[in-house]
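Only one structure is covered here, and it is reproduced in the block below.
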Amino acid sequence: NTKFGFAAADTITAETAGSERFRINSSGRVEIGGANSGIDSKLHVTEPTANGRTKVITIETRGTSTDDGPSLDFISDSGSTVNGSIVGAKSQDSGSDAYLAFYTYNSSLSEKLRINPDGTLRSGGATFTESAIRLVLNNPDASNSQMQFQDTSTGNTATDGLRVGYNGSGGQMWNFENTFIRFATNNVERLRITSGGLIGIGEESPDQTLVIRKDSASTSAGQYPVID
């Protein structure tokens, strides 16, 4: 029940316990764990009997120092350039904590995103640890770092959608669209800036430059606005 075979022309198979475990077909495609699945990739690995999270491929190195770990590299152009890489490495010399880092090539191969052991995300080479800050977007190439949100109604150019971040001179929230910006607390809208620049506090449809609306349900003193 253990054998090598030739299932078809120019095809090599290997069996153990009476089941096929390995196949190389005539195009050089390699199948491990599944017989002739038809998936069009050079390497296909499957575990046909397991459900849920299952170890299918393990990549291992034996380094024990900080930043030691295996990488999965993506290479094209005759193998002269690593276009991208995924690294799983130790985050300290002792212990089992480890991070996952993603590298891309832009003049040189450099880290662009890291997932720390505590689940925090750091981009652009930012590596400081503070578990309460779950996401850091660092721009290592310029004096600004921003996010932009777009959908099918906004377009997808640099001047579409909503931009939030630090622009090199200060923090900003910049709406490129002819729409409002609103702020809420306790699941209730508290402040709105209309597309025309009118501001409403407690008012969703301000008709003046600034409208402050008292909560009609409140009768206690001090509820009306005071403007000095």
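One is the number of the first residue; the rest follow in order along the sequence. Just so it is clear, the structure is predicted and the values come from calculations on it, not from any experiment.
Checking side-chain atoms of Asp151 against main-chain N and O of Thr154 turns up a donor-acceptor pair under 3.5 Å. Side chain of Ser71 to backbone of Asp73: no donor-acceptor contact under 3.5 angstrom is found. Panel note: side chain Ser145, backbone Leu137; a donor-acceptor pair is recorded below 3.5 Å. Ser41 contributes a side-chain N or O that, together with a main-chain N or O of Leu43, makes up a donor-acceptor pair within less than 3.5 Å. Without hydrogens or angle criteria, Asn116 side chain to Gly119 main chain gives no donor-acceptor distance under 3.5 Å. A donor-acceptor contact shorter than 3.5 Å is absent between the side chain of Asn156 and the backbone of Asp160. Here the side chain of Arg163 pairs no donor or acceptor atom with the backbone of Gln172 at under 3.5 angstrom. The backbone N or O of Thr157 sits less than 3.5 Å from a side-chain atom of Gln150, completing a donor-acceptor pair. Judged purely by atom type and a 3.5 angstrom limit, Ser123 uses its side chain to pair as donor or acceptor with the backbone of Asn138.
Rounding to the nearest 0.5 Å gives a distance of 7.5 Å between CZ of Arg122 and CG of Leu135. The CG atom of Asn1 lies 8.0 Å from the OG1 atom of Thr16; values are rounded to the nearest 0.5 Å. Distance check: Tyr166 OH to Asn139 CG gives 12.0 Å after rounding to the nearest 0.5 Å. Here Tyr105 contributes atom OH and Ile75 contributes atom CD1; the two are 12.5 Å apart, rounded to the nearest 0.5 Å. Expressed to the nearest 0.5 Å, how far CZ of Phe22 lies from CZ of Phe4 amounts to 8.5 Å.
Geometrically, Arg192 engages Phe180 in a cation-pi contact defined by less than 6.0 Å to the ring centre and at most 45° from the axis.
Residues satisfying the side chain to side chain donor-acceptor pair (under 3.5 Å) criterion with Asp141, sequence neighbours excluded, are absent altogether.
In summary, Arg213 and Glu203 engage in a salt bridge, as defined by a charged side-chain N under 4.0 Å from a carboxylate O.
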